Amino acid sequence: MSRYAALLNASIAAFIVESAPGFGALDLSLRIPVAMVSAGLPAAFWIAMGAMFTDEFRPRWSHALGWLALVALAVMDQFRHPMSVDVARTGLSVAFLLFGAWHAWSGRGIDLVEGRRRLRVWYAAITVLYALVAIAADWLWPGGLSASSVSLANAAALTALIFLFAVQASIITAETQLASAAVQARPSAPAFDPQVVAPAAGPDSAQLLALQHLLEHDKVFREPDLSTASLSQKLGIPEYRLRHLINRRLGHRNFNAFVNGYRLADAEAALSDPAQASVPILTIALDAGFGSVGPFNRAFKAQTGLTPSEYRRARLSGAGAAVGPDTAEA
């Protein structure tokens, strides 16, 4: 995450410089590098929000293309100022800012890292609001944020945003270390069943055992609409308390990933059972709690390295089981 935070902070710093009075009077060779880094700010925000709020984030070609598109438009704008370039830059900037806000907002319901969950929405909202004001000022206010009357306030506001970003990153890092310590403290478990609850003594031991009973005995993970709200109701504890148990005591950062671990273990057992050799994979996926076969196939291969069909053939081949054609897999 640090590399994406560095890209965002560098973009913000370049934007401060570009917004300073007199920047336009500088030599073109000095303006272009700063303008290029500054122009990529909306894309850098999009990328940084994805890295911060999506545990399995991986940079994609679309991120690079988005950043390069903004940079190319900024270079064009340094040589001439056609309205079409300004419109294109504004449209792309708003789109990337909204993408970044979506990263922060969309995963709030399954985020188990309490500090990140609290900060994600309002941090993204403040940043997007500021950026939209900056874009509007360039269109509506003579001189935009480069006007001498607002330049100092602009620099101060952006410095505050950089500080806020650093504080949030520190909080997330600290909570990640606490979760990692919880993982290391509990006994090692088989690779296919990472959710084994350590029977450690403590004020929440009874709640951990109750959670374990619901998942391993009652198999509530088979409910496709299971959420932190519904599971906390079953346990009879507040939702924040459930998030604390799963994150701090069991070391999981994402509720869906936590529950899917049980679902995948259930599916692996079914695919390894000769008595279920003729059961369609779609049925097994739905019975395990997945809403459709597509997400199941992707999660299954990510965990085992095999498709469900390949896994079933490998497990049943030693027993001489005949596996029929499987049309459920995408």
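These figures come from a predicted structure and were not determined experimentally. Keep in mind that the numbers below use all heavy atoms, side chains included, and drop hydrogens, waters and symmetry copies. By convention here, the first residue in the shown sequence is residue 1.
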* Do the side chain of Thr54 and the main chain of Ala51 share a donor and acceptor less than 3.5 angstrom apart? -> no
* To do: List, by chain and number, the other hydrophobic cluster members for Tyr240, where Ile, Leu, Val, Met, Phe, Trp and Tyr join if side-chain heavy atoms come within less than 4.5 Å, directly or indirectly.
  => none
* To do: Output yes when a side-chain donor or acceptor of Thr283 lies under 3.5 Å from a complementary backbone atom of Val279, and no otherwise.
  => no
* **salt bridge (charged side-chain N to carboxylate O under 4.0 Å, His left out) pairs, two or more places apart, involving residues 273-291** => none
* Asked: Taking it one step at a time, do Asp218 and His213 satisfy side-chain contact (heavy atoms from CB on, under 4.5 Å)?
  -> CA-CA 7 Å; Asp218 296 343; His213 186 271; 3.6 Å; yes
* **Listed partners of Gln233 passing side-chain hydrogen bond (donor to acceptor under 3.5 Å, both in side chains), at least two apart** => none
* Rounded distance (nearest 0.5 Å) linking atom CG of Leu70 with atom CE of Met36 -> 11.5 Å
* Asked: Which heavy atom in Asn297 sits nearest to a heavy atom in Pro308, and how many Å separate them?
  -> OD1-CG, 3.2 Å
* Could you tell me whether the side chain of Leu242 reaches within less than 4.5 Å of the side chain of Leu231, counting heavy atoms only? => yes
* Applying the 4.5 Å side-chain criterion to the ILVMFWY set and letting contacts propagate, would Val37 and Ile47 be lumped into a single cluster? -> no
* Structure fact -> Residues passing the ring pair (Phe, Tyr, Trp, His ring centres under 6.0 Å) test with Phe255, sequence neighbours excluded, are none
* Would you mind listing every side chain to side chain donor-acceptor pair (under 3.5 Å) that reaches into residues 60-73, with sequence neighbours excluded? => none
* Does Arg222 reach the side chain of Lys219, with side-chain heavy atoms less than 4.5 Å apart? -> yes
* To do: Determine the minimum heavy-atom distance between Ala39 and Pro42, stating which atoms define it.
  => O-CD, 3.4 Å
* Chi angles and distances behind the ring pair (Phe, Tyr, Trp, His ring centres under 6.0 Å) call for Phe99, Phe45 -> CA-CA 9 Å; Phe99 288 160; Phe45 173 75; over 10 Å; no
* Test side-chain contact (heavy atoms from CB on, under 4.5 Å) applied to Gln207 and Leu235, step by step -> CA-CA 8 Å; Gln207 294 172 347; Leu235 283 171; 6.0 Å; no
* Rounded to the nearest 0.5 Å, how far apart are NZ of Lys301 and CG of Leu264? -> 14.5 Å
* To do: State, yes or no, whether a side-chain contact exists between Leu226 and Arg263 at a heavy-atom distance under 4.5 Å.
  => yes
* Identify the two heavy atoms, one from Leu7 and one from Ala44, that lie closest to each other, and give their separation to 0.1 Å. => CG-CB, 3.8 Å
* Between CD of Glu18 and CG of Leu26, what distance do you get to the nearest 0.5 Å? -> 10.5 Å
* Structure fact -> Heavy-atom nearest pair, Ser38 first then Ala14, reads N-CB, 3.6 Å
* Asked: Can you tell me if Asn247 uses its side chain to pair, donor with acceptor, with the backbone of His252 under 3.5 Å?
  -> yes
* Would you say Leu65 and Leu92 are hydrophobically clustered, going by side-chain heavy atoms of ILVMFWY under 4.5 Å? -> no
* What is the distance from atom CG of Leu271 to atom CG of Leu316, rounded to the nearest 0.5 Å? -> 8.0 Å
* With Phe96 via ring pair (Phe, Tyr, Trp, His ring centres under 6.0 Å) - residues at least two apart -> Trp46
* Test log, rule side-chain contact (heavy atoms from CB on, under 4.5 Å), inputs Phe57 and Tyr4 -> CA-CA 11 Å; Phe57 175 81; Tyr4 307 115; 3.9 Å; yes
* Contacts of type side-chain hydrogen bond (donor to acceptor under 3.5 Å, both in side chains), residue Asp111, not counting sequence neighbours -> Arg116, Arg120
* To do: Treat each ILVMFWY residue as a node, draw an edge where side-chain heavy atoms are under 4.5 Å apart, and state whether Ile284 and Val293 are in one component.
  => yes
* **For Ser230, side-chain hydrogen bond (donor to acceptor under 3.5 Å, both in side chains) partners two or more places apart** => Ser227
* Structure fact -> Sorted by chain and number, sequence neighbours left out, ring pair (Phe, Tyr, Trp, His ring centres under 6.0 Å) with His244 holds for none
* Quick one: does Ser309's side chain get under 4.5 Å of Ile281's, heavy atoms only? -> yes
* **Smallest separation among heavy atoms of Leu112 and Ile246, with atom names** => CD1-CG2, 3.4 Å
* To do: Would you mind listing every salt bridge (charged side-chain N to carboxylate O under 4.0 Å, His left out) that reaches into residues 89-99, with sequence neighbours excluded?
  => Asp77-Arg89
* Would you sort out whether Tyr262 and Phe258 count as a ring pair (Phe, Tyr, Trp, His ring centres under 6.0 Å), showing the intermediate values? => CA-CA 7 Å; Tyr262 283 97; Phe258 168 69; 5.7 Å; yes
* Verify same cluster id: Trp102, Leu97 (apolar side-chain graph, 4.5 Å) -> no
* Asked: Could you state the interatomic distance from CD (Glu268) to CG (Leu306), rounded to the nearest 0.5 Å?
  -> 9.5 Å
* To do: Answer yes or no: is there an ion pair linking Glu223 with Lys234, defined by an N-O contact shorter than 4.0 Å?
  => yes
* **From CZ (Arg249) to OG (Ser205), nearest 0.5 Å** => 5.5 Å
* **Residue pairs involving residues 21-37 (criterion salt bridge (charged side-chain N to carboxylate O under 4.0 Å, His left out); sequence neighbours excluded)** => none
* Could you give me the CA-CA distance, side-chain angles and deciding distance for Val34 and Phe15, then say whether side-chain contact (heavy atoms from CB on, under 4.5 Å) is met? => CA-CA 8 Å; Val34 176; Phe15 182 73; over 6 Å; no
* Counterpart residues, ring pair (Phe, Tyr, Trp, His ring centres under 6.0 Å), relative to Phe290 (two or more places apart) -> Phe296
